[in-house]
Protein chains: 2
Amino acid sequence: MRIGEVAEKAGVSVRALRYYEEQELLPAERGPGGQRHYPDTAVARVELIQRLYSAGLPSRVVREVLPCVDSGEPDPALLGLLVDERERVDERIDDLLAVRDRLDLVIALTRDPEADCSRLERAPAPRPRR
Amino acid sequence: MRIGEVAEKAGVSVRALRYYEEQELLPAERGPGGQRHYPDTAVARVELIQRLYSAGLPSRVVREVLPCVDSGEPDPALLGLLVDERERVDERIDDLLAVRDRLDLVIALTRDPEADCSRLERAPAPRPRR
DNA sequence: CTTGCACCTGACGTTGACGTCAGGTTCTAG
DNA sequence: CTAGAACCTGACGTCAACGTCAGGTGCAAG
């Protein structure tokens, strides 16, 4: 596949794909004219990259864990890093759930000001930050 | 409370609090010497701001919905915006859950290469991006 | 062959959420 | 009263993940 097709299928810009290559997140073969050529698996890899970014993993970490996470190949040297990041993702999930609950509460109150506001507590017991 | 105490309790920098005031996210009273003074509720508000940022809400949206979300005061004009953002938060949660599952899989494989890898599918059926 | 779109390589611009530094002021402990 | 910590206001720096522009090349169609 050429770059434009990958970009469209993965829902990202062409620029982003060139950036990923530069960052060594997504290698590309080159045709005789210098054009990039990608295997079909590239689309899924881009989607994974996007999810990792969306999960808030810093680019350095993405670069380190990507080969391992993408292929499923275990790498004992990365275990600690993987566990740490899993922990952070978990915390973020809790944050997001709290925000969602908060939004739900306000939405419910907006739709029906007499709604049962007691089901959701005011503040969902924040945990210590970094 | 003075700015340093709020910063410590909320786990953010003093600079961040001044930035929040500048962005009209967190107003501050001023003492005679020009020093900022915050009510006790400021700590919770800062934590909420952090969570909203962490949830990926753009600053413009945070600025708009913060008063309403913080106080719980309903504002019908914001209903659409709130619902939209709730939707986006939901999508991010799904992303994070997928990433966590992925990390769990690799961690399990690293710890025990003979583990049951079939329980988690290779790709958790990505939904269309923005 | 040429038109036109997709692609190429630099290289500079952008945005958000602060970090950091300079140079001065205010507050608090002894 | 005085030292030092905590605070103040600019103002410039930073970093990631691209956007955008300029100027040139590759490739499939008619």
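Chain A is the first sequence line, chain B the second, and so forth, proteins listed ahead of strands; every chain is numbered from 1.
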Base, sugar-phosphate or nothing for A:Arg30? Non-hydrogen atoms, less than 4.0 Å.
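Since only primed, P, OP1 and OP2 atoms lie under 4.0 Å of A:Arg30, the category is sugar-phosphate.
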Minimum-distance nucleotide (side-chain atoms of [X] versus [options]):
X	options	result
B:Arg18	D:dC8, D:dC18, C:dC7	D:dC8
A:Gln50	D:dA6, D:dC18, C:dC18	D:dC18
A:Tyr19	D:dC18, D:dT9, C:dT9	D:dC18

Write down the distance between [atom1] ([X]) and [atom2] ([N]), rounded to a whole number of angstrom.
X	N	atom1	atom2	result
A:Glu22	C:dC12	CD	P	14 Å
B:Leu25	C:dC18	CG	P	10 Å
B:Glu5	D:dA5	CD	C1'	15 Å
A:Glu21	C:dC7	CD	P	14 Å
A:Ile49	D:dA16	CD1	P	16 Å
B:Arg60	C:dA17	CZ	P	12 Å
B:Glu24	C:dA17	CD	C1'	17 Å

Determine, stepwise, if the pair B:Glu21 / B:Arg36 fulfils side-chain contact (heavy atoms from CB on, under 4.5 Å).
CA-CA 10 Å; B:Glu21 186 187 25; B:Arg36 292 169 179 84; 2.6 Å; yes
Would you say [N] has OP1 or OP2 under 4.0 Å from some side-chain N or O of [X]?
X	N	result
A:Tyr53	D:dA16	no
A:Ser59	D:dC15	no
A:Arg15	D:dA17	no
B:Ser13	C:dG19	yes

Quick check on DNA chain D: between A:Pro32 and A:Val14, whose nearest nucleotide comes earlier from the 5' end?
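By nearest-heavy-atom nucleotide position, the 5'-most residue is A:Val14.
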Of A:Arg2 and B:His37, the one whose nearest nucleotide on DNA chain D sits closer to the 5' end is B:His37
5' priority, DNA chain C, between A:Arg36 and B:Leu17 [closest heavy atom]:
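Per heavy-atom nearest nucleotide, the more 5' residue is A:Arg36.
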Comparing B:Gln23 and B:Gln35 on DNA chain C - which has the more 5′ nearest nucleotide:
B:Gln23
So that I can tick it off, tell me whether [Y] and [X] are bridged by a salt bridge, with the cut-off set at under 4.0 angstrom between side-chain N and carboxylate O.
X	Y	result
B:Asp90	B:Arg86	yes
A:Glu22	A:Arg18	no
A:Arg60	A:Glu64	yes

Please tell me whether A:Gln23 and A:Arg63 have a donor and an acceptor in their side chains that are separated by less than 3.5 angstrom.
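Yes, because at least one side-chain N or O of A:Gln23 sits under 3.5 Å from a partner of the opposite role on A:Arg63.
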